[in-house]
Amino acid sequence: MTMSPTRLLLIEDEPSIAENVVFALTTAHFQPVWCATGAAGLEAMGTGGFGLVILDIGLPDMSGFDVCRTIRAASRVPIIFLSARDEELDRVLGLELGADDYVTKPFSPRELVARVRAILRRSESIPASPPASTTGTGIAPTSFPENPPVSSASTASTLPDSAASPLIRHDTARKRVHCSGQPLDLTRHEYHLLLALLAHPGRVFSRDQLMDLAWEDPAASSDRTVDAHIKSLRAKLRAAAPGSDPIETRRGLGYALREEAVS
Ligand code: CA
């Protein structure tokens with residue numbers, strides 16, 4: 001998809017896991033750089049040029065959460081957490097810190113590669129928006145050079161600078177979507193589906209495209225999965241804004257978000 005291999009930063013202290021991940025990423029035509037400590041990872045980040053970061057939470061010198069905070073203060077590079085702890089709390093904390101996804105150990109390197117691909121595709125499909133004063137939060141004085149600049153899904157804001165409040169609004173900092181002013185309690189798939197639609201209001205997405213954009217492992221899913229999640233997503237939108245139907249079904253084509261929902 002990309003012309004030159006995307007450089008990925010892997011921060012993981014367990015050599016056996018790192019070796020497997022590096023092998024899988026290299027086989028998938030990525031260019032991984034492995035660091036075994038948080039400090040080494042942050043130093044590598046300073047050299048720039050990473051399209052995505054894979055970050056272990058349990059590092060010997062500092063917590064992966066702290067590494068994530070430091071990276072996030074200066075960069076929107078997509079981050080995937082590797083977690084040995086399966087507690088929901090950790091996941092929520094990780095995602096609130098601005099991680100784009102997480103993988104729980106033990107994981108298959110193939111699954112990780114699929115998630116890396118999905119996140120990179122999502123980043124590429126979303127046009128980089130100019131830094132808007134309404135969405136910029138906590139910009140640190142330093143910044144990591146990003147080359148090529150890769151915007152994570154969270155950088156896409158469809159919030160127009162108008163006085164009228166749109167029906168659907170994405171709070172990029174908190175990774176929450178509001179409908180009619182109410183925060184939606186979305187599953188990961190629903191959230192990613194909605195983000196894909198929000199990135200291009202009015203554009204019709206086929207089920208395949210939506211699956212590629214919102215699923216970590218599109219091959220393991222079927223068209224019906226997209227339909228089922230769209231259905232539950234619609235129900236939640238309708239619960240927040242009775243009478244509204246912001247997602248349009250285009251028969252034989254797919255789904256689109258009505259432009260008026262975000263304007
Ligand atoms: Ca570890």
Side-chain angles (χ1 to χ4, degrees), residues 5-120 122-123 138 140 142-146 150 152-154 174-175 187-189 191-192 215-217 220:
T6 304
R7 290 178 78 223
L8 308 177
L9 180 59
L10 170 65
I11 309 175
E12 163 65 65
D13 61 308
E14 287 169 60
S16 60
I17 293 177
E19 272 168 30
N20 279 331
V21 170
V22 165
F23 179 76
L25 291 172
T26 308
T27 308
H29 307 293
F30 291 108
Q31 200 183 342
V33 172
W34 172 39
C35 294
T37 63
L42 287 174
E43 199 181 323
M45 265 308 285
T47 67
F50 293 104
L52 184 143
V53 177
I54 300 167
L55 177 57
D56 183 29
I57 291 174
L59 292 166
D61 57 335
M62 58 201 290
S63 143
F65 292 135
D66 291 333
V67 176
C68 180
R69 269 191 208 101
T70 307
I71 292 176
R72 267 291 165 268
S75 167
R76 290 185 181 278
V77 64
I79 297 174
I80 298 178
F81 271 129
L82 298 180
S83 170
R85 289 171 284 176
D86 198 18
E87 284 110 45
E88 198 63 30
L89 196 70
D90 279 350
R91 301 181 173 194
V92 171
L93 181 58
L95 293 174
E96 279 181 355
L97 277 172
D100 296 80
D101 206 349
Y102 56 84
V103 176
T104 308
K105 295 174 183 178
F107 58 90
S108 82
R110 197 194 277 182
E111 180 198 356
L112 178 63
V113 168
R115 293 197 186 195
V116 166
R117 284 212 179 100
I119 287 176
L120 289 175
R122 214 149 61 212
S123 315
T142 57
S143 71
F144 297 120
E146 287 177 34
V150 174
S152 77
S154 62
R174 291 177 182 79
K175 300 214 164 209
T187 66
R188 189 164 64 181
H189 285 144
Y191 177 69
H192 287 153
W215 263 253
E216 295 81 25
D217 188 6

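We count ligands from 1, going down the list as the structure has it; atoms in each ligand are counted the same way. Note that the coordinates shown come from a computational prediction; the quantities given were computed from them, not determined experimentally.
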Next item on the list: Measure from the Ca ion (ligand 1) to every N/O/S atom of Asp56 and report the name of the nearest one.
Entry: OD2
Next item on the list: Provide the atom name of the closest N, O or S atom of Asp13 relative to the Ca ion (ligand 1).
Entry: OD1
Next item on the list: Specify whether an N/O/S atom of Ile57 falls short of 3.0 Å from the Ca ion (ligand 1).
Entry: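 Coordinating: no.
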Checklist line | Heteroatom N/O/S of Glu12 within less than 3.0 Å of the Ca ion (ligand 1) | finding: no
Backbone N or O of [Y] within a donor-acceptor pair of the [X] side chain at under 3.5 Å?
X: Ser75; Y: Ile71; answer: no
X: Asp101; Y: Ile80; answer: no
X: Trp34; Y: Glu12; answer: yes

Next item on the list: With Asp100 as reference, evaluate His192, Lys175, Arg115 under the side chain to side chain contact (heavy atoms under 4.5 Å, CB included) test and give the passing residue.
Entry: Lys175
